[in-house]
Amino acid sequence: MDTPLSTTPFSTVAVVGLGTMGTGIAEVLARAGREVIGIDISDAAARHAATALEATTARAVERERITEEERRNVLARFRTFSDLQAAADADLVIEVVPESYETKQQVIRELDAIVRPDAILATGTNALSVTRLAAGSARPERVLGLHFFNPAPAMKLVEVVSSVLTAPQAVEAVTALAHDLGKEPVAVGDRPGFVADGLLFGYLNQAAAMYEAKYASREDIDAAMKLGCGLPMGPLALLDLIGIDTARTVLDAMYAESRDRLHAPAPILKQLSEAGLTGRKSGRGFYTYEAPDSGTVVRDALTPLEAAQATGGRPVNSVGVAGSGTMASGIAEVFAKAGYDVVLAARSQEKAETAKSRIAKSLSRSVDKGRMTAEAREETLARITPAGSLDSFAEVDLAVEAVAEDLEIKQQLFATLDKVCKPGAVLATTTSSLPVVACARATSRPQDVIGMHFFNPAPAMKLVEVVRTVLTADDVHATVREVTAKIRKHPVDCGDRAGFIVNALLFPYLNNAIKMVQEHYASLDDIDAAMKLGGGYPMGPFELLDVVGLDVSLAIEKVLHREFRDPGLAPAPLLEHLVAAGCLGRKTGRGFREYARR
């Protein structure tokens, strides 16, 4: 029992389970010069793995990433077997068999009797307890988690999961291997989902519940998260890729430990799984695919018709934008560039002139980058009329407010718009978290009021959440859809509830990341790295929180918690403490991280 664990560079590695993930891990190892023993009880799976490796290495030769000789060497290093006895000489065994305690524990027990005493056993689980799996081994100190991400050859992240039983030298050896494979290892403790999936699956689950509640269409939910957060895939398309049955298994394991309602699998995941509609692999999940294992989405009964774009809206030629901040000037710039006459009204003429000069600078940067001509810049600026009073909105067809995120201030403004604007003018709020209907009720014409939530910076961000209340008229909704298309933005429809689509899905994810740090489960840097490398996020959660502002984030968290009354949405105490201390992110020079003062 006192045999030291292997600290060699793992020249021979066995991979048990040759599904998609196992095959990908085998390829990574073989291409990094390791002898790879692929083991699967299914001869068909073993043949498929060998064929897949031949195909991927052939493509690598075509793209001149490796030579033909290197390809032959890689293929020679990969051998397949149907019996676990083949792992006898391995320095490291990585199991990626189905996510079941019974199956994985049986494999680990059998390997105990086969492998050398100094060999390390790694489980590729993303949902089960590594501690529980290790406890079933005769040598629990040599068992750890090694969680690759799909597709393993492309994804840089590897989570190295240690339990209270794991020997430190086993962690060190496997971490060194991950570096040698060109991966970015992140050290994490043993809890369901670890870091990346722990944060990702809660978000995916909420998206599924949002769709199930018919709050928004699958296309709008996916478009909102891609365009509003810069994600490579929308959550429902990602669930189809991962496998809806797999997602349900991960969420079940997370809920069993956390008892957090955010992790309780949405009923639709169970319904789709039990109907065999598991996503791409079955040819149908949230979307319908050309064939099983195809990524090509085909039209089905839920696909919106191309011709079903809103028509019959009110004519809009002139637009009023109320406010003088970054968002107001950005929205005014967007409308003016699209050819609309814009009145930019602030609390004083001076503030309005300052906002217009901000737009002039933005347009000049576009000219410098070759995105527009100097002539177009002048034409755009000429369409913007700064004004020191809302009285200037008397003749506008659409009034958009972008003032402080304070309900009382917005209600006062809408009461003024009600008096100033002509009959039939559409009145829009850009609120990101307040009830649109509360703004509408401040007027005598609530049917003319709608939410038009732009994202910052408005000139660059393509998304607009179109928020209709129960009182909004159909032609007002149609008008805003038409106008949004004319200003070259992508409209998504949603109802009037806290967070709309993007913030309702984004901020619980950010809050859960804060809880991980608060509980000393993982570091800021490891969590940010995990979400960028494992989830394809353009920014890690703490980078994003510091950019958005911790005070803004806390305000949105409070609104979500108040609206949905879910204990899991309560703002993390660490976020409240930082805000109370005046650490608000980049704007104050310190948030979760410290920044150099400009």
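For this chain, numbers begin at 1 and follow the sequence in order. What you are looking at is a predicted structure, and each value in this text was computed from that prediction instead of being measured.
Looking at E184 and K532, no side-chain N of the basic residue comes within less than 4.0 Å of a carboxylate O on the acidic one, giving no salt bridge. Ion pair D91/R116 flagged as a salt bridge, since at least one NZ, NE, NH1 or NH2 atom sits closer than 4.0 Å to an Asp/Glu carboxylate oxygen. A salt bridge links E95 and K104; the closest N-O separation between the charged side-chain nitrogens and carboxylate oxygens is under 4.0 Å.
Between E543 and R593, the closest side-chain pair of non-hydrogen atoms falls below 4.5 Å. Counting only heavy atoms from C-beta outward, the side chains of D240 and R218 never approach each other to under 4.5 Å. Using a 4.5 Å cut-off on side-chain heavy atoms (C-beta onward), R497 and M210 make contact. Here the side chains of E27 and F78 are not in contact, with every heavy-atom distance at 4.5 Å or above. Proximity of F149 to L533: side-chain heavy atoms (C-beta onward) are nowhere separated by under 4.5 Å. For the pair P235 and I221, the minimum side-chain heavy-atom distance is below 4.5 Å. At a threshold of 4.5 Å between non-hydrogen side-chain atoms, the residues T23 and L53 do not count as touching. Side-chain contact between V517 and F542 is present, with heavy atoms from C-beta onward closer than 4.5 Å.
Contacts classified as salt bridge (charged side-chain N to carboxylate O under 4.0 Å, His left out) and involving residues 33-58 (residues at least two apart or in different chains) are given here: R34-D180.
Residues T303 and D300 have side chains that bring a donor and an acceptor to within less than 3.5 angstrom of each other. A donor-acceptor pair shorter than 3.5 Å cannot be found between the side chains of T249 and T246. Y255 and N205 are not linked by any side-chain donor-acceptor pair at a separation below 3.5 angstrom, with hydrogens and angles left out of the test.
In D89, the CG atom is not crowded: 12 or fewer heavy atoms of neighbouring residues, nucleotides or ligands sit closer than 6.0 Å. Within 6.0 Å of CD1 in I41 there are 12 or fewer heavy atoms belonging to other residues, nucleotides or ligands.
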Evaluation steps, side chain to side chain contact (heavy atoms under 4.5 Å, CB included), between L181 and K183: CA-CA 6 Å; L181 297 176; K183 303 297 183 187; 4.1 Å; yes
Steps toward side chain to side chain contact (heavy atoms under 4.5 Å, CB included) verdict (Y521, V195): CA-CA 9 Å; Y521 174 65; V195 170; 3.7 Å; yes
Worked check of side chain to side chain contact (heavy atoms under 4.5 Å, CB included) between L569 and L262: CA-CA 8 Å; L569 293 175; L262 298 177; 4.1 Å; yes
Test log, rule side chain to side chain contact (heavy atoms under 4.5 Å, CB included), inputs V502 and F455: CA-CA 10 Å; V502 174; F455 287 74; 3.7 Å; yes
CA sep, side-chain torsions, deciding dist, call: E102, Q106, side-chain hydrogen bond (donor to acceptor under 3.5 Å, both in side chains): CA-CA 6 Å; E102 191 180 349; Q106 184 183 342; over 6 Å; no
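Taken to the nearest 0.5 Å, the CG atom of L241 stands 4.5 Å off from the CZ atom of R280. The CG atom of L146 lies 12.0 Å from the CG atom of L121; values are rounded to the nearest 0.5 Å. Note that CG of L204 and CG of L199 are 11.0 Å apart. Values are rounded to the nearest 0.5 Å. If you take CZ on F592 and CG on L524, they are separated by 7.0 Å, rounding to the nearest 0.5 Å. Expressed to the nearest 0.5 Å, how far OG1 of T20 lies from NZ of K281 amounts to 8.5 Å. Between atom OG of residue S282 and atom CD1 of residue I244 there is a gap of 7.5 Å, rounded to the nearest 0.5 Å.
Side chain of Q518 to main chain of L574: a donor-acceptor pair is present (N/O by atom type, distance under 3.5 Å, no hydrogens or angles). A donor-acceptor pair under 3.5 Å links the side-chain atoms of S273 to the main chain of L269, judged by distance alone. Looking at R77, its side chain does come within 3.5 Å of a backbone N or O of A30 through a donor-acceptor pair. T166 contributes a side-chain N or O that, together with a main-chain N or O of V143, makes up a donor-acceptor pair within less than 3.5 Å. The main-chain N or O of A196 is found under 3.5 Å from a side-chain atom of E159 such that the two form a donor-acceptor pair. Here the side chain of E290 pairs no donor or acceptor atom with the backbone of T296 at under 3.5 angstrom. At distances below 3.5 Å, at least one donor-acceptor pair connects side-chain atoms of D222 with backbone N or O atoms of A237.
Of all the heavy atoms in V28 and P153, the pair that sits closest is CG2-CA, 3.6 Å. When all heavy atoms of L128 and T125 are compared, the closest pair comes out as N-OG1, 2.8 Å. Of all heavy-atom pairs spanning M21 and N150, the tightest one is CE-N, 3.5 Å. The heavy-atom pair separating A504 from L560 by the smallest distance is CA-CD2, 4.0 Å. Annotation for S129 and D190: closest pair OG-OD2, 3.1 Å, computed over non-hydrogen atoms. The two residues A572 and K515 have their closest heavy-atom pair at CB-CG, 4.0 Å.
Taking the six-membered ring for Trp and thresholds of 30 and 60 degrees, Y509 and Y203 have ring planes inclined between 30 and 60 degrees apart. Ring pair Y287/Y289 is perpendicular by interplanar angle, where above 60° counts as perpendicular and below 30° as parallel.
Between R142 and the options V93, D112, L92, a side-chain contact (heavy atoms from CB on, under 4.5 Å) holds for only D112.
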